[in-house]
Protein chains: 2
Amino acid sequence: MRADARKNYDQLLAVARAVVTEEGADASLRDIARRAGVGLGTLYRHFPTREALLEALLRTSFDELAAKAAELETSGSAGDSLVSWLRDFVASAENYRGVIASMVAAISDPESALHASCVAMRAAGARLLTRAQTEGAARADIDGTDLYALAGALAWVGDQPALAPRADHLFDVIASAILTNPATTR
Amino acid sequence: MRADARKNYDQLLAVARAVVTEEGADASLRDIARRAGVGLGTLYRHFPTREALLEALLRTSFDELAAKAAELETSGSAGDSLVSWLRDFVASAENYRGVIASMVAAISDPESALHASCVAMRAAGARLLTRAQTEGAARADIDGTDLYALAGALAWVGDQPALAPRADHLFDVIASAILTNPATTR
DNA sequence: ACCTGAACACCGTTCAAGT
DNA sequence: ACCTGAACACCGTTCAAGT
């Protein structure tokens, strides 16, 4: 990449991080280009879709979550590992308001710039879930997509100002549902 | 209301029902006015905010849910009544894509045209929850807002094309979490 | 009373023209 | 190679002018 292009890319990403933090995932792209002091076409050149921009913003979080999952897969209690990773996943999705809808949609859209990362996140969660299920620490009747959906639902709750105060408590409620095997508690 | 105004109101509502069913709660108001064969100002005269239009669309559902709650409050098992109403609530919120976010936001916004109805829905759910809790059929550590949040989360899951196939199953997972008292199953 | 639609200030996206 | 910004087709919202 040419030096001036690199500079524009970095500047766009930094500004986008600030603006998306403030306005959410549906922030105005025009506004981002404007605040970055760059033509609108330049933004589109570097990030051809909104998903591409979000992917760049979330890159670090995705990598951290993948590393965290790798650690947890062989450490401590299977149930605790699963819940701990789920907590990190939800917290990271809540970093940018409204981003969870794109992350969920990306699962079934191979064209989305977020597709690969989101499929990888689902797989990482699924591995932790399977281990917990094998040990009898998690209910057996859910799969990786269910886990991803529950994580998404929790992130959505955290995104709603009227519900955010309950987000932590509801995390515990749902975590307990995941960790409870209904067949054995009846 | 003058006869011509009445006609416009009814026509707008009918068209809005069709368009919002098709496009979701963020459908273009301009498009609705256009398809209704009415000036844009006329739409704003009858429905000064998007929430006012949604409220009119949801009026019937709200009334039905209130009636259903009243019935269920004195019938059958407290746990079954709670879950049955919750199912109806979620199904009704899923009738119009994207409407659940407005319904949740309305809870903490007294200016919203949806405020009164949504507060009433939360109260109806809370009554069914309290009865179930009193009988020991529902976990004691959640309140009406938690229930409303869980219902919202389930409706959100149903709204996401990538997750909708799991919505029914996740309803059961969360319903079982509500009906399980963690203090007694440990 | 009620209706209309132009006007204004915004979008996302594309692409010809510039360097 | 890369950048710019006008152009196009849309929004939501308001309000002067009409009936």
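Note on naming: letters A, B, ... go to the chains in the order of the sequence lines (proteins, then strands), and numbering restarts at 1 for each one.
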Which is true for [X] with a 4.0 Å heavy-atom rule: it touches a base, it touches only sugar-phosphate, or it touches nothing?
X       : answer
A:Ala3  : nothing
A:Arg50 : sugar-phosphate
A:Ser28 : sugar-phosphate
B:Ala27 : sugar-phosphate

If the cut-off is 4.0 Å, is [X] near the phosphate of [N], judged by side-chain N/O to OP1 or OP2?
X       : N      : answer
B:His46 : C:dC3  : yes
A:Arg45 : D:dC2  : yes
A:Asn8  : D:dC2  : no
B:Arg34 : D:dC11 : yes
B:Arg30 : D:dA9  : no

If a stem is a run of at least 3 consecutive Watson-Crick or G-U pairs, both distances under 3.5 Å, which stems include DNA chain C? C:4-8 with D:12-16, C:12-16 with D:4-8
Would you call A:Asp31 and A:Arg34 a salt bridge, taking side-chain N to carboxylate O under 4.0 Å as the test? yes
[X] [atom1] - [N] [atom2] separation (whole Å):
X       : N      : atom1 : atom2 : answer
B:Leu40 : C:dT4  : CG    : C1'   : 10 Å
B:Ile32 : D:dG12 : CD1   : C1'   : 12 Å
B:Asp26 : D:dC10 : CG    : P     : 17 Å
B:Asp10 : C:dC2  : CG    : P     : 14 Å
A:Leu29 : C:dT14 : CG    : C1'   : 14 Å
B:Phe47 : C:dC2  : CZ    : P     : 14 Å
A:Glu23 : C:dG12 : CD    : P     : 11 Å
A:Arg6  : D:dA1  : CZ    : P     : 17 Å

Please compare B:Arg2 and B:Gly41 by the position of their nearest nucleotide in DNA chain C and report the one closer to 5'. B:Arg2
So A:Ser176 and B:Arg139, side chain to side chain donor-acceptor pair (under 3.5 Å) or not? Walk me through it. CA-CA 12 Å; A:Ser176 83; B:Arg139 61 190 299 155; 3.3 Å; yes
Nearest heavy-atom approach of B:Leu128 to B:Ser81 is CD2-CB, 4.1 Å
Do A:Leu58 and A:Met103 make a side-chain contact, defined as non-hydrogen atoms from C-beta onward lying under 4.5 Å apart? yes
Do other residues, nucleotides or ligands put more than 12 heavy atoms under 6.0 Å from the CG atom of B:Asp63? yes
Does a sphere of radius 6.0 Å around CG in B:Asn95 hold more than 12 heavy atoms from other residues, nucleotides or ligands, not counting ones at 6.0 Å or beyond? yes
